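Everything on this sheet refers to the single structure shown next.
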Amino acid sequence: MIRYRMLIDGQRTEAVGGGWFPVYDPSTEEIIAEAPKAGPADVDRAAKAARAAFDSGAWPQTTAQERGRLLFRLAEKIRNESAHLAELETRNTGKPIVEAEFDIADTATCFEYYGGLATKVLGHVNPVPDNALSLSLREPVGVAGQIIPWNYPLLMAAWKLAPALAAGCTCVLKPAEQTPLTALEMAGYFEEVGFPAGVVNIITGFGEEAGAPMVTHPAIDKIAFTGSAAVGKNILRNAAESIKRVTLELGGKSPNIFFADADFEAAVDGALFGVFINQGEVCSAGSRILVERPIYSKFIEALAEKSKAIRLGAPLDRETKMGPLVSKEQYERVREYQEIGKQEARLISGGGRPSSFAKGYYVEPTVFADVDNSTRIAREEVFGPVAAVIPFEGESEAIRIANDTPYGLAAAVWSRDIFRALRVVKSVRAGIVWVNHMQPTYVEAPWGGYKQSGFGRELGPWGIEEYLETKQVHINLNEQPIGWY
Ligand code: ADP
Ligand code: MG
């Protein structure tokens, strides 16, 4: 059994309690490795190492140029290891290898982008009156505690680590317990490319034992979290005690809106891509497919036919378009939503477990039609390949249904009418709105939620902002005493 070790203060380490937990290949249900089962004592070690690395030692003296170069080297290392990392990611998550290859390429690009941005963090001269010079300096927020989900394991690690390191923070990162392997593999790169010990710490374990203690640890200044809304609320509450900075990227129930004048082929294709990519385990999944009445019947017919043709298979097979779900727990959750949907709406494709697999957490891509927006499959995040198709009549009804959700992460609109498409863009309350597309994400552009999808923005210059404090400096240019008393 391969045992991966954590990274604390530059050392590859086991958990203080000596525990390990199994890591699975969800396509075979077999254990493929073990990872250390960290608890509060490990969080304490990691947080203190990150604190010491932030407060003293080499890191606070490191220039922005040097931090940039370290990130470039890390990006290069990841590119060199990309075949290996993609395979490991696929084995641990079940996602098709072709998708994992994109993820690893995006991971390298993310480190590279923030390597470049490290030297472009600018302060200000504030135009104050009086004989004074007023400056705003940007400084790192301190120790960042970063808790990430299992759907894009290494890419989510990069979205968290890259801007924090560029800003000059130190980090304690906790991958999801289902998918710790690529982050633990990457843990070996930091020393090799030249990061000082303690700047990046990676601990593995479960939410209650290893995540929650990060949220309350006094040495940690900020928590960045991506995951479920329920855990996000819990983190926000627990972070209050020590007034930690918090950024949250939570779930979604994103509308993908199709007007009758959209290119029909592109629309059906975009509906499938929006909801089924990565097995639907995507926070911005277009899981509510809103279709205008004149094309509704034809649209659901085409959707049903095309989703039945999606090729499920072994994740490492390059022909595979959909792999298993990440875990037994997630499989059971999605199976339950398939059953709930059958009570609430009309099943038009999928709805169960594919019969061709003896093992693995596979579910059929599932489409429900005639869904009412008040039902559970229209309101609750499934995080799997389950689509709810909702008919609408005209622009204002589309906007009303699109916004009738507690979430606001993403939306998309498909139409050839530029005026209408842009009116929808302005009216939908979401952190991203795609026009005639859904899902592409770029490191140069902001990412984050409205409403209960969270707050704070990742990626682009917005991403580094979340790891910076602003210090005002007032320099008196008058040599005389104040003379007040
Ligand atoms: P899912 O429901 O898909 O498992 P979660 O939101 O539970 O998504 O998990 C996302 C991340 O949050 C994981 O790294 C998990 O270990 C962590 N986590 C879960 N519960 C807590 C908690 N109470 N405090 C901090 N982190 C947690
Ligand atoms: Mg969980």
Side-chain angles (χ1 to χ4, degrees), residues 6 15 19 21-24 26 35-40 42-44 46-47 92-95 144-157 159-161 171-184 201-217 220 222-242 244 246-253 278-285 287 324-337 361 380-386 407 409 449 452-454 458:
M6 304 191 289
F21 65 90
V23 181
Y24 295 88
K37 197 164 181 287
D42 300 287
V43 171
D44 188 54
N92 195 174
T93 59
K95 71 171 69 196
Q146 306 177 311
I147 302 173
I148 58 172
W150 44 258
N151 57 342
Y152 291 92
L154 198 65
L155 185 58
M156 289 299 106
W159 282 27
K160 295 286 182 280
L161 293 173
C171 302
V172 178
L173 174 82
K174 193 194 87 61
E177 56 271 25
Q178 296 86 348
T179 58
L181 299 188
T182 45
L184 291 177
N201 303 275
I202 299 178
I203 59 167
T204 51
F206 292 80
E208 285 296 325
E209 297 157 20
M214 288 168 66
V215 180
T216 51
H217 200 287
I220 294 179
K222 181 215 158 97
I223 292 288
F225 172 76
T226 299
S228 64
V231 173
K233 286 175 192 177
N234 182 278
I235 285 176
L236 199 52
R237 267 194 299 271
N238 294 338
E241 196 51 45
S242 50
K244 280 193 185 23
V246 176
T247 47
L248 301 173
E249 202 256 85
L250 308 175
K253 194 74 195 178
N278 204 50
Q279 295 76 237
E281 297 166 319
V282 179
C283 50
S284 56
S287 51
L325 299 176
V326 73
S327 65
K328 186 161 194 282
E329 185 189 358
Q330 194 59 18
Y331 169 82
E332 279 163 4
R333 186 184 150 83
V334 173
R335 289 284 293 113
E336 194 182 324
Y337 275 109
Y361 305 123
E380 298 172 18
E381 186 176 48
V382 177
F383 227 70
V386 178
Y407 293 114
L409 186 61
Q452 290 190 30
S453 292
E458 301 191 271

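All values derive from a computational prediction rather than experimental measurement. Indexing begins at 1, ligand by ligand and atom by atom, following the structure's order.
Looking at A239, G207, A210, C283 and measuring to atom 22 (C) of ligand 1, the nearest heavy atom belongs to G207. Around atom 26 (N) of ligand 1, the closest heavy atom drawn from P213, A176, S327, G211 belongs to G211. With G251, P149, G232, S228 as candidates, the residue nearest to atom 6 (O) of ligand 1 on a non-hydrogen basis is S228.
Atom 1 (P) of ligand 1 has its closest protein heavy atom at W150 NE1, 3.8 Å. At the top of the distance list for atom 7 (O) of ligand 1, counting protein heavy atoms only, stands V231 CG2, 3.6 Å. Protein heavy atom nearest atom 12 (O) of ligand 1, with residue, atom name and distance: F225 CE1, 3.2 Å.
Contacts between I148 and ligand 1, counted as non-hydrogen atom pairs separated by less than 4.0 Å, involve the backbone only. Neither the backbone nor the side chain of A230 has a heavy atom within less than 4.0 Å of ligand 1. Contacts between F383 and ligand 1 below 4.0 angstrom, taking non-hydrogen atoms only, are absent altogether.
Ligand-side atoms of ligand 1 in range of G227: 6 (O), range being under 4.0 angstrom from any heavy atom. Every atom of ligand 1 is numbered from 1 in the order shown, and the set under 4.0 Å from a heavy atom of I147 is 11 (C), 12 (O), 14 (O), 17 (C), 25 (C), 26 (N). Short contacts between ligand 1 and A212, defined as distances under 4.0 Å to a heavy atom of the residue, involve ligand atoms 24 (N), 25 (C). Of all atoms in ligand 1, numbered sequentially from 1 with element shown, those under 4.0 Å from a heavy atom of E208 are 23 (N). When each atom of ligand 1 is checked for a heavy atom of P175 under 4.0 Å away, the hits are 14 (O). Annotation for ligand 1: atoms under 4.0 Å from non-hydrogen atoms of N234 are 23 (N).
When the side chain to side chain donor-acceptor pair (under 3.5 Å) test is applied to S242, the partners found at least two apart in sequence or on another chain are K244. With sequence neighbours left out, S287 forms a side-chain contact (heavy atoms from CB on, under 4.5 Å) with K253, V275.
Residue K174 has at least one nitrogen or oxygen atom sitting less than 3.5 Å from a nitrogen or oxygen atom of ligand 1, judged on distance alone. Geometrically, ligand 1 and E177 share a nitrogen or oxygen pair separated by less than 3.5 Å.
A salt bridge is defined here as a Lys NZ or Arg NE, NH1 or NH2 lying under 4.0 Å from an Asp or Glu carboxylate O, and K160 with E458 meets this definition. Checked for salt-bridge contact, K328 and E332 meet the test: a charged N lies under 4.0 Å from a carboxylate O.
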### Task
Go through V43 and V172 one step at a time and tell me if the side-chain contact (heavy atoms from CB on, under 4.5 Å) criterion holds.
CA-CA 8 Å; V43 171; V172 178; 5.8 Å; no

#### Entry: Derivation and outcome, side-chain contact (heavy atoms from CB on, under 4.5 Å), residues Y361 and Q330
CA-CA 8 Å; Y361 305 123; Q330 194 59 18; over 6 Å; no

### Task
Begin from the C-alpha positions of Q452 and K233 and carry the test side-chain contact (heavy atoms from CB on, under 4.5 Å) through to its verdict.
CA-CA 9 Å; Q452 290 190 30; K233 286 175 192 177; 3.5 Å; yes

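Of the possible donor and acceptor atoms, one in the side chain of N151 sits under 3.5 Å from a partner among the backbone N and O of E281. In terms of modelled atom types and a separation under 3.5 Å, the side chain of N201 and the main chain of C171 share a donor-acceptor contact. Side chain of S453 to backbone of G251: a donor-acceptor contact under 3.5 angstrom is found.
Atom 9 (O) of ligand 1 lies below 4.0 Å from none of the non-hydrogen atoms of the protein.
Within 6.0 Å of atom CD in E336, 12 or fewer heavy atoms from other residues, nucleotides or ligands are found, so the atom counts as exposed in its surroundings.
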